[in-house]
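Heads up: the structure comes next, in structure tokens.
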Amino acid sequence: MSNFCPGNIPAHILEQTRKHPCYSVEVHHQFARMHLPVAPSCNIQCNYCNRKFDCVNESRPGVTSEVLTPALAFEKYHWVKEKIQELTVVGIAGPGDALADWQYTKQTIEQIKAVDSNIVFCLSTNGLLLPEYAPEIVALGIHHVTVTMNAIDPQIGAKLYKFVNYQGRRYEGVEAAEILYKNQLAGIQYLTDHQVLVKINIVMVKGINDQHIPEVVKKVKELGVFITNIMPLIPAPGSAFEYFPQTSMKEINDMRNLCQLDIQQMRHCKQCRADAIGLLNEDRSSEFRMCGQPQETSTQPAIPQRKYRIAVTSKYGKLVDQHFGHASEFIIFQGDGREFKLLERRSVHQYCSGMEECGEEEARRASTIRTIKDCQAVLTMRIGQHAKDKLAEQGTRSIEYCDSVENGLQHAVKVLLEEAAAIRKGEKTG
Ligand code: CLF
Ligand code: SF4
């Protein structure tokens, strides 16, 4: 059994921990952390979560103001580092699950690590994919990981989770809770065996897992975790637990006092946003937005409430700066012309290698085009006529553009509206 106490933590990890405001209460007024919101997807559905762009495990309900690509996250890190001298920790806390979008999480950490060997990295996860990625987490040199584990009894877990998506299948009920628990156990054990200081978050839901929490704490103690963080349920509008009572701080503190007998308790958690920045009790995230507000112009046609889904080709997510044929992914946005929400990123097989190839290339092109069949438009820097025609056949308008993604999305809706108006007037047939 692993068991961490200041006496047996290796010196280099102890040094990191002493700079970590969540793991070391005595420095939480002194050192700052920033969350980089690069992981928007989630692979489970907790009944207390209405996930817009927030994970209630690590964020107070609401939305993160932006989801960043690793490249933008890297820029943001430099910006914040320059302005906040006391920044010591970079965490990935969603807004979904840090491992569900592991490639973005990993890339973000690798980039920062390459230029700053003093930053402490931190991850927050539901643990479903820990068996898969724990070795990479260890190899990256991450020594602080938070796992949200609300139950060790699958019968209780079944009341907390609506579903678990795992290895291409969706599971529900006890089966879902069993898979999640089994993976959490294996993953936590691997991490603690490899000198990772694991923090366990537990959301206390009255009438569901409140009586069960001491058992959870005893179990994770056996696994050698460093600390537990028992947090109140904050009923999120639109979630399955929307009308459940909020757990009071008295109930939380009573439970922490009971569990303190087994393992040290975190008592200064702020349930911060997925894009939180600064000291724990002084969120400065609003000072550091990467994306400005969309511009409104009086020449814009009136925009109806209809939602448009638009695919964008972009190297780093900020500019429309990529040729359609060079895109390895589409960034999918949905919105009404004034406000857009990033829905997801869809990988495609890159078909334009810069050389003339036929046959296989044609099949790849067809598959690429089908990837965005549900989009009214694709916003791209350049596109060939053949691809344009094929996209038009499935009802996707190609719009060439070269400026920021935000301006481009507004431009695309403007084009779609003007064309629709022209069709209504009989000026255009499609
Ligand atoms: Fe962020 Fe979490 Fe790392 Fe801290 S937050 S990923 S461990 S750097 Fe801290 Fe915020 Fe509480 Fe999380 S106060 S919600 S415990
Ligand atoms: Fe929401 Fe986080 Fe649960 Fe995923 S793990 S459903 S983002 S609370």
Side-chain angles (χ1 to χ4, degrees), residues 16-17 19-25 27-29 31-61 63-64 67 87-101 105 109 119-130 142-150 157 160-165 176-177 180 183-184 196-203 205 226-234 236 238-241 252 265-283 285:
Q16 287 195 354
T17 307
K19 292 193 291 187
H20 197 311
C22 303
Y23 279 70
S24 299
V25 61
V27 298
H28 81 281
H29 288 299
F31 292 126
R33 53 79 181 94
M34 74 179 292
H35 286 167
L36 285 168
V38 295
S41 314
C42 193
N43 38 26
I44 71 174
Q45 179 60 60
C46 303
N47 284 335
Y48 48 75
C49 175
N50 176 13
R51 187 164 59 89
K52 290 185 179 168
F53 281 145
D54 244 13
C55 171
V56 292
N57 296 335
E58 288 284 334
S59 321
R60 64 182 156 74
V63 293
T64 184
V67 171
L87 180 74
T88 50
V89 174
V90 167
I92 312 284
D97 184 77
L99 303 187
D101 279 312
T105 298
I109 291 171
I119 281 286
V120 179
F121 293 100
C122 194
L123 291 182
S124 165
T125 175
N126 58 42
L128 181 68
L129 296 180
L130 271 179
I142 299 170
H143 295 291
H144 298 85
V145 172
T146 293
V147 183
T148 299
M149 190 188 211
N150 301 312
L160 291 161
Y161 305 108
K162 188 169 179 214
F163 63 79
V164 162
N165 283 333
L180 181 61
N183 286 9
Q184 288 172 332
V196 176
L197 271 56
V198 177
K199 173 163 73 64
I200 300 293
N201 280 1
I202 305 168
V203 180
V205 186
F226 183 74
I227 192 169
T228 61
N229 176 20
I230 301 167
M231 308 186 302
L233 168 76
I234 300 173
S239 70
F241 289 170
I252 291 290
Q265 299 294 304
M266 180 172 187
R267 293 170 188 269
H268 61 292
C269 177
K270 302 295 176 208
Q271 288 180 271
C272 27
R273 303 168 56 95
D275 57 358
I277 292 174
L279 301 175
L280 294 191
N281 57 355
E282 186 194 44
D283 182 39
S285 54

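Residue numbers start at 1 and run along the sequence shown. All ligand and atom numbering here is 1-based and tracks the order in the structure.
Ligand 2 lies within reach of I44, whose nearest heavy atom is under 4.0 Å from it. Ligand 1 lies less than 4.0 angstrom from a heavy atom belonging to K199. Not a single heavy atom of H28 sits under 4.0 Å from any atom of ligand 1. Every heavy atom of H268 sits 4.0 Å or more from the atoms of ligand 1.
Residue contact check: N126 has heavy atoms under 4.0 Å from atoms 5 (S) of ligand 2. Listed by number with element, the atoms of ligand 1 under 4.0 angstrom from any heavy atom of H35 are 1 (Fe), 5 (S), 6 (S), 8 (S). In summary, the atoms of ligand 1 found under 4.0 Å from a heavy atom of C22, numbered by their order in the structure, are 4 (Fe), 5 (S), 7 (S), 9 (Fe), 13 (S), 15 (S). Within ligand 1, the atoms closer than 4.0 Å to a non-hydrogen atom of K270 are 11 (Fe), 13 (S), numbered from 1 in the order shown. Within the listing of ligand 1, atoms 3 (Fe), 6 (S), 7 (S), 8 (S) sit less than 4.0 angstrom from a heavy atom of C122.
Y23 contributes atom OH, which lies 10.0 Å from atom CG of N229 (distance to the nearest 0.5 angstrom). To the nearest 0.5 Å, the span separating CD1 on I44 from CG on L128 amounts to 7.0 Å. Atom-to-atom distance recorded for N165:CG and Q45:CD is 10.0 Å, nearest 0.5 angstrom.
When T105, L197, I109, V196 are each tested for a side-chain contact (heavy atoms from CB on, under 4.5 Å) with I142, only one passes: I109.
Remark: the D97 side chain and the T125 side chain contain an N/O donor-acceptor pair separated by less than 3.5 Å.
Judged as a side chain to side chain donor-acceptor pair (under 3.5 Å), and not counting sequence neighbours, the contacts of N281 are H29. When the side chain to side chain donor-acceptor pair (under 3.5 Å) test is applied to T88, no partner is found at least two apart in sequence or on another chain.
Here C49 does not reach atom 3 (Fe) of ligand 2: none of its N/O/S atoms is less than 2.8 Å from the metal.
If you look at M266 next to ligand 1, the close heavy atoms, those under 4.0 Å, all belong to the side chain. Contacts between C42 and ligand 2, counted as non-hydrogen atom pairs separated by less than 4.0 Å, involve the side chain only.
Ring planes of Y48 and F241: tilted class, angle from 30 to 60°.
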